[in-house]
Amino acid sequence: METNLNHNPALECTKGIRYKAPVPDTLDLADRAAKSVNALTNAWNPVEGYALNFIADFSAKSPVLYPNNHTDAFLNIPPKFIESLILTRLASGSDLNIDIDKEVIQTQLNLIGDDGLTYSPTHRLTQFNDSNSHYSEIWGEGRLLIALAMLMQVDKNPIWETIALKKIDRILSLTKQQDDFLYLWRGRYWNGDIPPTHHAEPKGSLKNGSLLDRYSNPAMSIIYSVGSTGYGASLIYRITGYQPALKLSQGLAKWALRRVFTNPDGRWNIYHFHHSLFAIMAMCQYGYTNSDSEVLDRVHACYNWARLMGDPLTGYYTEWMPGSDLYLSSGQGNSVETCEISDMIFLGLYMTKTGQGDYWDDVDRWTRNMFAESQFLDSSFHDQIPDSYLNHDLVDRPYQDTSLILEKSVGSFWGWMRANDGLKIDYQSTPPKLIKTSIMHCCTANGARTLYFVWNSIITDISGEIRINLLLNKASPWVDVNSYIPVTGKVNLQIKQPNKFAIRIPSWCNMADVMLELDNKPLNFDVEGRYVKTGKLPAGCIVSLSLPIQEHTTHRVIGEIPYKLTTRGANVTSIDPRGIGYPLFQNQPTGLDQITERFVPDIHNIDW
């Protein structure tokens, strides 16, 4: 597609108010978003047309970063990075390496064909077997729809809507109607493809299909085709009102409902947890968009069933569905992709938003624990890994990058975690060794965008009442939140605009123990559910919230391994045994005030 950008749309995300202020040394998602920008802008190979280096391997003395195939290098993952860069720059105001954003967006524009689909280039990464096929992948199409929805909301260039609507029309032309749903006969397409006259739904083991069409279980094809595309189509409809986008999102959501997520109790039987969850997220987006109670009720049931497939205290949700054949036979089943944690957080937020339940405590626990720990922050760790766990037999990968990989990867999200370790050790080898994959950048993109989802949800304006839903640090137009949790139970609110406020109290605190002060004097409040509500407060005042916070020790089996945890409030503050590769839960916050640059973006809200 011949479209040359004459400006960088990412610059719009960095416009806002900046100021210095003391902020407690506790979890700050804006700071985490800024760190993720580092990883999101350092994963590219400019020589190969901004191919994405998908895998980071820290298992040897010299870490490497490399692409794995054309599909992930050009189609499936780059649009996720575009979405995540927009969102993390909005949350943090970071302009680090911002010229990279424009190059990556331009590359994606260049790959769009005349029919509106995005096609892999045949002149890049030519050492790969799939480099000679000019194909489109349905997952990548959906991820680009999501990225376009973000671009439409931050940049006034009409090209984003034009591209999105053309994609919607082309994807719809590849579907077939059956009963109340739409289906796709496969998830990979070539220019000029039309649905076969007598084509049927996927039957599995399709050699010429998408990455998930090749599995014997046809449900894998369905969730892959529904997930990102159904999700993206819902967003496009909400932003543009384009009816074919609603038709596509509805048709795909109903396909998943009728063929995969059929049990009223929410259970399903597909081995890949992340792709299953993303299809449920697509159903959720449609149900929310069209107020479809049947779909939302099933999403709610699936969410509650999925909660029990991992550890609801820490947010430990495995890549492979517990109990699935592959989980049981591989010995790999108890490690975690950040993708699953991110998906569960998204669903917790949306189930709360749609009124299906109050899941703020789920979001709070998971964000503070496995999600926060899943981000790689310390590049100095590598020298501490015992030499016996490192691999000494690695061979060069095509197009690998060996320059400053640890530093470039700071802000990434782990791909194969244990509850106590960011790096997975293969204990079936003799002697035990780190597995030869440490980060896969699908997790980096999903983790980064989820930073925004939670950050955006900390404070909400509900009909003029400012609600503080999560007791995490945040700057906003209405109030700045300084949270000292879990070091102490203190939270200070710097009121910036006169408003009524409602503050949600987490479930670990008894409502009768809550205390509020206004400028060091007791402040009366009303109680509604888990919220304490104030009258209208003046700008410039400081409200102090005090909660008693206690320390507990608990023993849990997480991912088939027993651990001893110490908790304060919702936070795990220590875990035993200690991890070996990249030990988790070791760097606990001090709660000390630090002078920090705060950022309030001009664009306050994005529809995600």
Side-chain angles (χ1 to χ4, degrees), residues 7-42 81-102 105 150-151 153-156 367 372 375 377 410-411 448-461 466 468-484 491-499 501 537-543 589-608:
H7 70 296
N8 188 347
L11 290 170
E12 300 299 319
C13 304
T14 63
K15 295 178 179 178
I17 300 171
R18 300 172 191 269
Y19 53 95
K20 299 283 188 178
V23 178
D25 172 32
T26 56
L27 181 59
D28 190 322
L29 298 184
D31 176 66
R32 293 298 193 93
K35 287 181 170 60
S36 73
V37 171
N38 176 71
L40 292 166
T41 54
N42 276 305
F81 271 55
I82 294 171
E83 175 201 14
S84 296
L85 279 166
I86 290 169
L87 296 177
T88 51
R89 292 195 190 279
L90 277 172
S92 68
S94 173
D95 62 359
L96 178 70
N97 300 331
I98 200 164
D99 290 343
I100 296 293
D101 301 40
K102 181 182 176 184
I105 294 169
M150 301 302 113
L151 286 165
Q153 295 179 81
V154 300
D155 185 51
K156 295 180 180 179
T367 298
Q375 191 173 23
L377 301 174
V410 168
R449 77 189 204 123
T450 303
L451 286 170
Y452 178 87
F453 298 162
V454 181
W455 173 88
N456 181 247
S457 304
I458 293 171
I459 304 171
T460 52
D461 182 353
I466 306 305
I468 300 168
N469 304 301
L470 299 165
L471 300 181
L472 294 166
N473 293 323
K474 185 181 179 182
S476 79
W478 313 284
V479 58
D480 286 357
V481 180
N482 285 347
S483 176
Y484 295 84
V491 180
N492 286 342
L493 310 178
Q494 177 70 53
I495 308 301
K496 298 163 77 172
Q497 293 182 10
N499 278 293
F501 289 83
L537 300 177
C541 69
I542 296 177
V543 173
T590 66
L592 299 176
D593 284 340
Q594 301 176 334
I595 299 301
T596 303
E597 181 179 89
R598 289 196 130 163
F599 175 70
V600 180
D602 288 345
I603 302 172
H604 297 317
N605 287 299
I606 290 287
D607 187 351
W608 45 269

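No experiment lies behind these values; they were computed from the predicted model shown.
No donor-acceptor contact under 3.5 angstrom links the side chains of N469 and S457, judged on distance only.
Pairing each heavy atom of F453 with each of E83, the nearest pair is CZ-OE2, 4.1 Å. Pairing each heavy atom of T14 with each of F599, the nearest pair is O-CE1, 3.6 Å. For the pair I595 and K20, the tightest heavy-atom approach, listed with the atom from each and the gap, is CG2-CB, 4.1 Å. In terms of heavy-atom proximity, P538 sits nearest to I495 at O-CG2, 3.4 Å. Taking all atoms of both residues into account, the shortest heavy-atom contact from N473 to P24 is ND2-O, 3.5 Å. Of all non-hydrogen atoms in M150 and I86, the two that sit nearest each other are CB-CD1, 3.7 Å.
A donor-acceptor pair is defined here as one N or O able to donate and one able to accept, closer than 3.5 Å; such a pair exists between the side chain of N42 and the backbone of N38. Here the side chain of D28 pairs a donor or acceptor atom with the backbone of A30 at under 3.5 angstrom. In this structure a side-chain-to-backbone donor-acceptor pair under 3.5 Å is missing from R598 to I17. Not a single donor-acceptor pair under 3.5 Å links the side chain of T88 to the backbone N or O of V37. Judged by distance alone, with hydrogens and angles left aside, the side-chain atoms of E597 form no donor-acceptor pair with the main-chain N or O of R18 at under 3.5 Å. Remark: the backbone N or O of I606 is paired with a side-chain donor or acceptor of Y452 at under 3.5 angstrom. Counting only distance, with no hydrogens or angles, the side chain of Q594 and the backbone of V23 share no donor-acceptor pair below 3.5 Å. Using modelled atom types, one side-chain atom of S476 and one backbone atom of V479 make a donor-acceptor pair closer than 3.5 Å. Checked by atom type and distance alone, the side chain of S36 pairs as donor or acceptor with a backbone atom of A33 at under 3.5 Å.
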Q) Are K474 and L29 close enough, and set up right, to give a side-chain contact (heavy atoms from CB on, under 4.5 Å), and what steps lead you there? A) CA-CA 8 Å; K474 185 181 179 182; L29 298 184; over 6 Å; no

Q) Going through the distances and angles, do F501 and V543 end up as a side-chain contact (heavy atoms from CB on, under 4.5 Å)? A) CA-CA 10 Å; F501 289 83; V543 173; over 6 Å; no

Q) Taking it one step at a time, do H604 and D461 satisfy side chain to side chain donor-acceptor pair (under 3.5 Å)? A) CA-CA 11 Å; H604 297 317; D461 182 353; over 6 Å; no

Q. How far apart are the C-alpha atoms of Q497 and I466, what are their side-chain angles, what is the distance that settles it, and do they pass the side-chain contact (heavy atoms from CB on, under 4.5 Å) test?
A. CA-CA 10 Å; Q497 293 182 10; I466 306 305; over 6 Å; no

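Using a 4.5 Å cut-off on side-chain heavy atoms (C-beta onward), D607 and Q153 make contact. Using a 4.5 Å heavy-atom threshold, the side chains of F81 and I100 count as separate. Counting heavy atoms from C-beta on, the side chains of L377 and R32 come closer than 4.5 Å.
Rounded to the nearest 0.5 Å, atoms CG (L27) and CG (L472) are 5.5 Å apart. Annotation: the span from K35 atom NZ to S92 atom OG amounts to 10.5 Å, rounded to 0.5 Å. Here the CH2-CG distance, from W455 to L90, works out to 7.0 Å after rounding to the nearest 0.5 Å. From N482, atom CG reaches atom CG of L493 across 8.5 Å, with rounding to the nearest 0.5 Å. Note that the CG atom of D31 and the OG atom of S94 stand 10.5 Å from one another [nearest 0.5 Å]. With rounding to the nearest 0.5 angstrom, the OG1 atom of T41 is 10.0 Å from the CD1 atom of I98.
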